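To start, the structure under review is shown below, and the notes come after it.
Model, not experiment: these values are computed from the prediction. The figures here come from the full heavy-atom set of this structure, side chains too, leaving out hydrogens, waters and symmetry mates. Order of listing sets the numbers, starting from 1, for every ligand and every atom in it.
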Amino acid sequence: MSEVLLMGPGPSPVSHRVRTAMARPLLGHLDPRFLAELDRLQDDLRLVFGSSAALTFPVSGTGSAAMEAAVTSLCRPGRRVLVLSCGVFGERIAAMVRRSGADLTLASFPFGSPVDVDVARRRMAEVAPDVVAVVQAETSTGVASDVDAIAALAREHGADLIVDTVTSLGGMPVRADDWGAAIVYSGSQKCLGAPPGLGPVTVRDGLLKDQPESRSWYFDLGLISQYLGSERLYHHTAPISMIFALAEALRGLREEGLDERFRRHRKAGAAMRAGLAELGLRSRVETADLLPSLTVVTPPEGFDEAELRRDLLFAEGIEIAGGLGPWRGQAWRIGTMGEGANLQPVLRTVAAIGRVLARHGVASAVPQAAAAAAKAWTQTA
Ligand SMILES: *Cc1c(COP(=O)(O)O)cnc(C)c1O
């Protein structure tokens, strides 16, 4: 099978070194050599999470599994939970909170807008929540919310903060310690550049001491911490090959350095937007809070957008995604995540979209679009 360039909202392209890490011979999950690798991985996760917390590790499962671990740890009947949502993933958190039996207040903001901090302040004063949850980078709309400000409000109210950083971790700054967040979680297949299958989390020191027993056995962070802490007691079999892959991806991240990595994502996002704009594809959202890792545009009018994406996939070997929720059929979501956040994949994507448009009779200036993308790459700091 020929290789597809993955430029959707995840999974993102995986480097050769990460792929070959998955082909390493297995070790047992209690082998000291495997545990040493896990230790290193946990240290690298602390770096990228901006966290000093002891309990920092990858949940076995995708980003939604990490979300479930966070929600089931903190949300239960009798607790007031405020979810600040501006898209599909905020709504997913709310759906999990509802199932937990907690007293849910859902503050929804329009698709394409970030969380409005003034409204969040008012809702926190009204609800006096025990727990506040927010998505830093909303992958359904391509918009970032101001977690620094929301975290300050949560601290003022003494609420435990859950932050979803699935599309931000490794692509823009995450500051778990500075936020004072209770639990911050993510996924392996977006800006971290590993395949899907692990959901990194970091849990504030001491948080679990005050919590009653979780209703979930598999996602009981306290039980899991016995495997990941000094005791190394068996809880479940760690997905060894996936852990090798994530460890290798994080080693690459540490070598690159966080500042350089964030700069690369900013440059790639700016280049993608500039190239697409030159092709006549305008941003679907009007806000300054655009994600570096994901560009959301309005597909050309008068076409079956899904057919254009199929042409891009099968004729050009490039995957992008359509809209989610209310934007189904009305948006293209184009990622610049991890390995995809480089000039070459951006130029390939812009040129290929231009060719697809031309084949369908839409005037498109491919050389000009490529030039605009390259210029934005060079000029973005
Ligand atoms: C992708 C994503 C998730 C879910 O992750 P899965 O790996 O698909 O389970 C959750 N939150 C956000 C913001 C995401 O982008």
**Asked** Side chain or backbone of Pro9 under 4.0 Å from ligand 1, or both, or neither, by non-hydrogen atoms?
**Response**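 None of Pro9 does.
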**Complete:** Going by the 4.0 angstrom heavy-atom rule, the piece of Arg92 near ligand 1 is side chain
For [atom], what is the closest protein heavy atom, and at what distance to 0.1 Å?
| atom | value |
| --- | --- |
| atom 3 (C) of ligand 1 | Phe89 CE2, 3.4 Å |
| atom 4 (C) of ligand 1 | Ser64 OG, 3.4 Å |
| atom 8 (O) of ligand 1 | Gln189 NE2, 3.9 Å |
| atom 15 (O) of ligand 1 | Thr139 OG1, 2.3 Å |
| atom 2 (C) of ligand 1 | Lys190 NZ, 2.6 Å |

**Request:** Looking only at non-hydrogen atoms, find the nearest pair between Ile243 and Leu41 and report the distance.
**Result:** O-CD1, 3.6 Å
**Prompt:** Which is closest to atom 13 (C) of ligand 1 in terms of heavy atoms, Thr167, Ile93, Asp164, Val88?
**Reply:**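 Considering heavy atoms of Thr167, Ile93, Asp164, Val88, the nearest to atom 13 (C) of ligand 1 sits in Asp164.
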**Message:** Geometry only, no angles: is Glu138 polar-contacting ligand 1 at N/O separations under 3.5 Å?
**Reply:** no
**Message:** Test your reading of the structure: does Val166 have an N or O sitting under 3.5 Å from an N or O of ligand 1?
**Reply:** no
**Request:** Verify salt bridge (charged side-chain N to carboxylate O under 4.0 Å, His left out) between Arg348 and Glu316, making sure each step is shown before the conclusion.
**Result:** CA-CA 9 Å; Arg348 264 187 69 191; Glu316 303 283 350; over 6 Å; no
**Message:** Within the 4.0 Å heavy-atom shell around Met67, which atoms of ligand 1 are there?
**Reply:**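 Numbered from 1, ligand 1 contributes 10 (C).
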**Prompt:** Which ligand 1 atoms are under 4.0 Å away from a heavy-atom of Val135?
**Reply:**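 In order of number, 13 (C).
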**Prompt:** Is it true that the side chains of Ser216 and Thr72 contain a donor and an acceptor less than 3.5 Å apart?
**Reply:** no
**Asked** How about Thr105 and Arg80: does a side-chain donor come under 3.5 Å of a side-chain acceptor?
**Response** no
**Prompt:** Are Arg175 and Pro173 side-chain neighbours, meaning at least one heavy-atom pair lies under 4.5 Å?
**Reply:** yes
**Prompt:** Which is it for Arg92 and Ser64 under the side chain to side chain donor-acceptor pair (under 3.5 Å) test, yes or no, and what are the steps along the way?
**Reply:** CA-CA 9 Å; Arg92 182 174 297 184; Ser64 304; 2.8 Å; yes
**ILVMFWY network linking Ile183 to Leu47, side-chain heavy atoms under 4.5 angstrom** =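 Per the 4.5 Å side-chain linkage, Ile183 and Leu47 are co-clustered.
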**Asked** Should the pair Glu319-Arg309 be classified as a salt bridge under the 4.0 Å nitrogen-to-oxygen rule?
**Response**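 Salt bridge: no.
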**Asked** Salt-bridged, Asp177 to Arg204, with N to O below 4.0 Å?
**Response** no
**Asked** Mind checking whether Ala137 has a heavy atom under 4.0 Å from ligand 1?
**Response** yes
